[in-house]
Amino acid sequence: MRYLDGVSRRRFLAQAGLGLLPAQAFTTAALTANAFAAEAALKDHAARKGIVYGAAILGSSLRDDSFRSAVLRECGAIVPEFEMKWGVNEPSRGKTNYKISDAIVSFASDNGLRLRGHTAVWYVNMPAWAKAALAQPGGMDLVYGRARDVVGRYAGKVYEWDVVNEEIEPRDKLPGGRRNSPFYQAAGPGFIAECFRIAHEADPAALLFYNDYGLEYWTDYEDARRRATLELLASLKAANAPIHGFGMQCHMKVGNRFNEKIFRRFLADVASLGLRISLTEFDIDDMRLTADIPERDRLVAEDAQRFLDVALDERAVKTVMTWGLSHRYFWLSRERPRADKLPTRGLPLDADMARTPMWHAMARAFDNAPAR
Ligand code: G3I
């Protein structure tokens, strides 16, 4: 008996501490919303509406028992934050290192977690040898080989792949707002469609996504990014590239201007191309906010719910991944620290794995969302 889209009644009753009475003694309706709310994790709030919730993890964090338990409690999916990138997987030409990405893939399959692949082709984290070789004739075959190798290695185990990441950059003044990346320089605009064709051959079962950032806010620059992204996605569809979805990273920052109408329209335009949408790297930068934790948490939660209430109204949005789960392992605190050096608090769990106001805001947003 499936209850709450995949949360079996048996597991739910057990978790809710209601024990197991004969089925006739219980109807799902008899289980109060409070019982659900008290026991449900983010993955359950999401799954009730046909949405998958998960988080990015670093391989090293899986050695942390309390964090690993929190991932299993809250997440229906995981994505490698770093260890499935080319620079890690092939530090020198032909010398591969999949040790940690293999461990993450095993953790997902051993625990019934869906897995997002991130990322086959990205101009950042390219191994130095590949950057040099790319400038030589035939260099792109190395990139296509990378895509084939990594997608093929995990064939059948990845439900969504970020095949190509971050190839939009209007400031580079190329046609279509494309980034002047090493790949674009070597092969021109058509390389993205070729990466998708190769990924599809390598794993016909995986849903293939193009992933990018800077699309959520009301600025001229992000308007240009949204236009360029739609143009790219439409061109991939027109070329019959096997693209199934668009990954919108959603790295948010409290204080940025958000225009609900413009954002809704963008999501609808992406969905009108017949693409699924995943919020692939949702997190919130609180660097503009006071040090006071209750005030910071309140404003972060407000931003999270305001954004997700709009984003989840679009039924094409089927997956929400936070870029991290706990403040204990948060890339923003590592790489873009606050001026006061206090840990950034833009994830659902704090450093002690306790649920933050952002967690509750996300649960409410999932509860408010229309069912898929
Ligand atoms: O694991 C090593 C550690 O052993 C070493 O001591 C340390 C210092 O050099 O580096 C550690 O590796 C770092 C890794 O994060 C894990 O923390 C790398 O140097 C660092 O470059 C890497 O940064 C990642 C970054 O992508 C570049 O790959 C971030 O964790 C990750 O959050 C970030 O994620 C990107 C997405 O892939 C694409 N969208 C933007 C997003 C944020 O930049």
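Heads up: numbering here begins at 1 and tracks the sequence. Atoms within each ligand, like the ligands themselves, are counted from 1 in listed order.
Residue, atom and distance of the protein heavy atom nearest to atom 36 (C) of ligand 1 are His118 NE2, 3.4 Å.
Inclusion of Trp122 in the set of residues having an N or O under 3.5 Å from an N or O of ligand 1 is not warranted. Checked against a 3.5 angstrom limit, the closest N/O atoms of Gln249 and ligand 1 fall inside it. Remark: ligand 1 and Arg336 share no N or O pair separated by less than 3.5 Å (distance only, no angle test).
Under the 4.5 Å side-chain criterion, counting only non-hydrogen atoms from C-beta, Arg276 is in contact with Glu160.
The closest approach between a heavy atom of Asn125 and any atom of ligand 1 is below 4.0 Å.
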Could you please spell out the steps behind the side chain to side chain contact (heavy atoms under 4.5 Å, CB included) verdict for Glu302 and Arg306?
CA-CA 6 Å; Glu302 256 177 34; Arg306 179 191 65 169; over 6 Å; no
Does Val164 form a side chain to side chain contact (heavy atoms under 4.5 Å, CB included) with Phe183? I'd like the steps, not just the answer.
CA-CA 11 Å; Val164 175; Phe183 315 122; over 6 Å; no
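Two rings, from His244 and Trp161, have their centers 6.0 Å or more apart.
Under the 4.5 Å side-chain heavy-atom criterion for Ile, Leu, Val, Met, Phe, Trp and Tyr, Ile78 and Val88 are members of distinct hydrophobic clusters.
Among Lys85, Glu81, Met84, Glu83, the residue whose heavy atom lies nearest to atom 37 (O) of ligand 1 is Lys85. Across the listed options Tyr329, Trp86, Trp331, Phe82, Phe82 owns the non-hydrogen atom lying nearest to atom 21 (O) of ligand 1.
For ligand 1, the atoms closer than 4.0 angstrom to any heavy atom of Glu335 are 23 (O), 24 (C), 29 (C), 30 (O).
There is a protein heavy atom less than 4.0 angstrom from atom 40 (C) of ligand 1.
Scanning all heavy atoms of the two residues, the minimum distance from Ser60 to Glu83 falls at N-OE2, 4.3 Å.
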